[in-house]
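A quick note: this is a predicted structure, and the numbers were derived from the prediction, not measured.
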Amino acid sequence: MTSTISIHDVQAAADRISGQAVRTPAIESNALNQQADTRIFIKAENLQRTGSFKFRGAFNRLVQLSEEEKKAGVVAWSSGNHAQGVAAAAQILDIPAAIVMPRDAPTVKLEKTRAYGAEIIAYDRYTQSREEIAKALTEERGATLVPSFEDEHIIAGQGTAGLEFSKQVESQGTTLDKLLVCCGGGGLIAGMSTVFAAQSPKTDIYSVEPEDFNDHERSLVSGQRETNEPNARSFCDALLAPSPGEMTFVINSKTLKGGVSV
């Protein structure tokens with residue numbers, strides 16, 4: 001799986017999601033700037049539709065389905081954020097959606113996903129494979145699988161946050177020395193780093209992960225996809241991917257300066 005994307009793919013995605021995704025603000029805090037002794041800009045994607053950047057990629061993927069594919073529906077797996085993004089996009093486009101979610105996912109994420117009209121298939125994240133469940137469901141229903149990060153349309157959609165962010169920072173009369181991006185499977189940072197590599201090549205880009213799930217940090221050092229320990233735990237439920245995505249790592253290994261863990 002060696003597919004990659006360009007900034008042109010991200011720009012096309014921005015056109016597709018225009019009018020559906022929120023153009024979230026880039027905010028700055030004087031108190032934070034003083035504490036860090038530098039200017040810090042935060043891209044407030046928590047104000048995005050469904051509460052995270054995931055809606056961007058989900059809508060960009062689903063809006064490109066054929067009418068026949070839309071009728072057959074979509075299947076996805078997620079601990080909550082991608083689930084809500086797919087469910088909301090499916091509701092807007094009148095597409096049946098089934099989401100494979102861990103039984104211990106936050107109740108609010110389960111409830112919101114269900115509220116968007118999606119069917120939830122629960123599983124045990126420690127003993128069952130969400131990928132196997134979703135793929136079996138896809139074959140059974142003839143539906144389209146919508147992965148959370150291993151898809152060029154998903155990555156391009158997430159990259160639209162970077163397209164906005166670079167313009168917002170530029171409008172403040174500056175450029176970013178460093179860009180820090182939260183990282184699970186690597187879809188958001190792959191999309192954003194594609195944009196910044198093209199538009200702001202002097203910006204150093206870093207993945208940020210929980211310390212027991214720092215697979216990107218370790219993979220960037222070793223040059224190959226590393227895996228997290230199966231018994232690792234973190235309350236950052238949206239960042240618990242076992243390893244970098246194959247497709248996303250192809251991009252991130254070229255565009256990232258390094259990784260840090262918290």
Item to complete: Output the distance between atom NE2 (H216) and atom OG (S261), rounded to the nearest 0.5 Å.
Response: 13.0 Å
Discussion item. Quick one: does any side-chain atom of T248 pair with a main-chain N or O of G185 as donor and acceptor, under 3.5 Å?
Written reply: yes
Worksheet item: Taking the side chain from S18 and the backbone from A14, do they hold a donor-acceptor pair closer than 3.5 Å?
Response: no
Worksheet item: Side chains of N60 and I154: closer than 4.5 Å at any heavy-atom pair?
Response: no
Worksheet item: Should I120 and Y123 be counted in the same cluster of Ile, Leu, Val, Met, Phe, Trp and Tyr side chains packed under 4.5 Å apart?
Response: no
Worksheet item: Is there a side-chain contact between L47 and V22 (heavy atoms, below 4.5 Å)?
Response: no
Item to complete: For N33 and I40, indicate whether the former's side chain and the latter's backbone hold a donor-acceptor pair under 3.5 Å.
Response: yes
Worksheet, complete the sentence: Correct closest heavy-atom pair for L220 and L256 would be CD1-CD2, 3.8 Å
Discussion item. Donor-acceptor pair, distance only, cut-off 3.5 Å: does the side chain of R218 make one with the backbone of T227?
Written reply: yes
Worksheet item: Do Y206 and L188 sit in the same hydrophobic cluster, where Ile, Leu, Val, Met, Phe, Trp and Tyr count as joined when their side-chain heavy atoms come under 4.5 Å apart?
Response: no
Discussion item. Has E217 got a side-chain atom pairing as donor or acceptor with E209's backbone, closer than 3.5 angstrom?
Written reply: no
Fill in: 4.5 Å side-chain heavy-atom contact, Y126 and D104
yes
Practice prompt. Mind checking the NZ-CD spacing from K71 to E68? Nearest 0.5 Å is all I need.
Written response: 5.5 Å
Discussion item. Let me confirm one number: the OG-NE2 distance from S52 to H82, rounded to the nearest 0.5 Å.
Written reply: 10.0 Å
Worksheet item: In terms of hydrophobic clustering (I, L, V, M, F, W, Y; side-chain heavy atoms under 4.5 Å; direct or indirect links), are M101 and V86 co-clustered?
Response: yes
Worksheet item: Do R56 and T24 come within less than 4.5 Å of each other through their side chains, counting heavy atoms only?
Response: yes
Item to complete: Mind checking ring-ring contact (aromatic ring centres under 6.0 Å, His included) for F249 and listing every partner two or more places apart, or none if nothing turns up?
Response: none
Item to complete: Please round to the nearest 0.5 Å and tell me the distance separating atom CG of N231 and atom CG of D212.
Response: 8.5 Å
Practice prompt. Please confirm whether the backbone N or O of G80 pairs with a side-chain atom of Q84, one donor and one acceptor, at under 3.5 Å?
Written response: yes
Worksheet item: If you group Ile, Leu, Val, Met, Phe, Trp and Tyr by side-chain heavy-atom gaps below 4.5 Å, do V260 and V262 land in one group?
Response: yes
Discussion item. Using modelled atom types and a 3.5 Å cut-off, is there a donor and acceptor pairing between side-chain atoms of S200 and backbone atoms of F196?
Written reply: no
Discussion item. Could you report the tightest heavy-atom contact between A83 and T113, atom names first, then the distance?
Written reply: CB-OG1, 3.6 Å
Worksheet entry | Modelled atom types, side-chain donor and acceptor of K43 and Q168, under 3.5 Å | yes
Item to complete: Test N81 against K109 for side-chain contact (heavy atoms from CB on, under 4.5 Å), laying out the working first.
Response: CA-CA 7 Å; N81 289 337; K109 292 183 178 181; 3.5 Å; yes
Worksheet item: Sequence neighbours excluded, which residues qualify as side chain to side chain contact (heavy atoms under 4.5 Å, CB included) partners of S234?
Response: P210, F213, C236, L240
Worksheet entry | Heavy-atom side-chain proximity of R49 to I92 below 4.5 angstrom | yes
Discussion item. I'd like to know if the side chain of R225 reaches the main chain of P244, judged simply by a donor and an acceptor atom lying under 3.5 Å from each other, with no hydrogens or angles considered.
Written reply: yes
Worksheet item: Any salt bridge between E67 and K70, counting N to O under 4.0 Å?
Response: yes
Worksheet entry | Non-hydrogen side-chain atoms of V63 and L93 separated by less than 4.5 Å | yes
Discussion item. With a 3.5 Å distance limit and no angle check, can you tell me whether Q48 reaches the backbone of F53 through a side-chain donor-acceptor pair?
Written reply: no
Response to the item:
Closest non-hydrogen contact found for W77 with A134 is CE3-CB, 3.3 Å
Discussion item. Does atom CD (Q11) have a neighbourhood of more than 12 heavy atoms from anything else shown, all under 6.0 Å?
Written reply: yes
Discussion item. If I take atom CD1 from residue I251 and atom OG from residue S6, how far apart are they, to the nearest 0.5 angstrom?
Written reply: 10.0 Å
Worksheet entry | Pairwise side-chain contact, F41 with L176, heavy-atom cut-off 4.5 Å (strictly under) | yes
Practice prompt. Just do the side-chain contact (heavy atoms from CB on, under 4.5 Å) check on T175 and K202 with the steps written out, would you?
Written response: CA-CA 9 Å; T175 56; K202 292 184 179 179; over 6 Å; no
Response to the item:
Residues R103 and Q128: closest non-hydrogen pair is NH1-OE1, 3.8 Å
Practice prompt. Please confirm whether the backbone N or O of R23 pairs with a side-chain atom of E164, one donor and one acceptor, at under 3.5 Å?
Written response: no
Item to complete: With rounding to the nearest 0.5 Å, note down the distance linking CD1 in I155 to OG1 in T194.
Response: 7.5 Å
Fill in: Least distance between heavy atoms, A72 atom then G142 atom
CB-O, 3.3 Å
Item to complete: Would you please test T50 and K112 for side-chain contact (heavy atoms from CB on, under 4.5 Å) and show each step?
Response: CA-CA 8 Å; T50 74; K112 287 186 175 181; over 6 Å; no
Discussion item. With clusters defined by side-chain heavy atoms of hydrophobic residues (ILVMFWY) lying less than 4.5 Å apart, directly or transitively, does F165 cluster with I205?
Written reply: yes
Worksheet item: Hey, does I42 have a side-chain heavy atom less than 4.5 Å from the side chain of L32?
Response: yes
Discussion item. Can you confirm whether D94 is buried at CG, in the sense that more than 12 heavy atoms of other residues, nucleotides or ligands lie under 6.0 Å from that atom?
Written reply: no
Fill in: Heavy-atom closest contact (A105 atom, L110 atom, distance)
O-CD1, 3.6 Å
